[in-house]
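The shown structure was predicted, so the numbers you read here are calculated from the model rather than taken from an experiment.
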Protein chains: 2
Amino acid sequence: MKNRIKVERAEKDLSQADLAGRIGVSRQTINSIETGRYVPSTILALKLAQVFEKTVNEIFQLEETD
Amino acid sequence: MKNRIKVERAEKDLSQADLAGRIGVSRQTINSIETGRYVPSTILALKLAQVFEKTVNEIFQLEETD
DNA sequence: ACCAAATGTAAAACTTACTTTACATATTGT
DNA sequence: ACAATATGTAAAGTAAGTTTTACATTTGGT
């Protein structure tokens, strides 16, 4: 699964720590999702989408391997 | 988190087992998500949305407690 | 009423998300 | 060049998702 978190963060000028604080997770959680080390829960995806004012589908996309 | 899986399933006339088969998970996984026993991964949410031809946000919605 | 299919749960085992702590590297401003 | 902030990653621990097996209950058709 791909994601556009890094780009969305840049557009809102948020650091990983800022973003983590906003949605109540650790900075490492954001970093790990961003770098594809793990797949977030749907609750987390919805919260990220909420912060970025986008849909989950705009931020996360399936890949062949999923 | 609320979800509309039961309704979407009804609209497509799919049993829990049918749906499970389509996205490659067990029937219990579908049942557990549907009855709110647990929150699916974002990959699973995207696959469900794909089957229902809707966005993840149309199928899953945050609640206050999330 | 009977049978088949669908649904709700539950326990054990396994896998993966997430936290905390910690450190190393990179980037940016002055 | 220096200091501060941001990012990448790793290990250990805890919490949670998912599978498999199994059984009970409900629903629908005839």
How close or far is atom [atom2] of [N] from atom [atom1] of [X], stated in whole angstroms?
X	N	atom1	atom2	result
I23(B)	dG17(D)	CD1	P	15 Å
D13(B)	dT27(D)	CG	P	17 Å
D18(B)	dA5(C)	CG	C1'	11 Å
L19(A)	dG8(D)	CG	P	13 Å
D66(A)	dT18(D)	CG	P	13 Å
I30(A)	dT5(D)	CD1	C1'	18 Å
I5(A)	dG8(D)	CD1	C1'	15 Å
R37(A)	dT15(C)	CZ	C1'	18 Å

Query raised in the report: Counting just side-chain N and O atoms, does N31(B) come under 4.0 Å of either OP1 or OP2 of dT7(C)?
Result: no
Query raised in the report: Quick one: is dT7(D) close enough that its OP1 or OP2 comes under 4.0 Å of any side-chain N or O from R9(A)?
Result: yes
Mark yes or no for whether [X], through its side chain, and [Y], through its backbone, hold a donor-acceptor pair below 3.5 Å.
X	Y	answer
N57(B)	L46(A)	no
T42(A)	A45(B)	no
T29(B)	V25(B)	no

Between N or O atoms, less than 3.5 Å apart, protein on one side and nucleotides 18-20 of chain C on the other: list the pairs.
unit_1: dC18(C); atom_1: OP1; unit_2: S41(A); atom_2: N; d: 3.4
unit_1: dC18(C); atom_1: OP1; unit_2: S41(A); atom_2: OG; d: 3.4
unit_1: dT19(C); atom_1: OP2; unit_2: S26(A); atom_2: N; d: 3.0
unit_1: dT19(C); atom_1: OP2; unit_2: S26(A); atom_2: OG; d: 3.0
unit_1: dT19(C); atom_1: OP2; unit_2: T29(A); atom_2: OG1; d: 2.1

Requested in this report: Start with the C-alpha gap between L48(B) and I30(B), add the side-chain angles, then the distance that decides, and say whether side-chain contact (heavy atoms from CB on, under 4.5 Å) holds.
Outcome: CA-CA 10 Å; L48(B) 287 166; I30(B) 298 299; 4.2 Å; yes
Query - Residue pair F60(A) / M1(A): nearest heavy atoms and the distance that separates them - result: CD2-CE, 3.5 Å
Report task. Using a strict 4.0 Å threshold on nitrogen-to-oxygen distance, state whether E8(A) and K54(A) make a salt bridge. Result -> yes
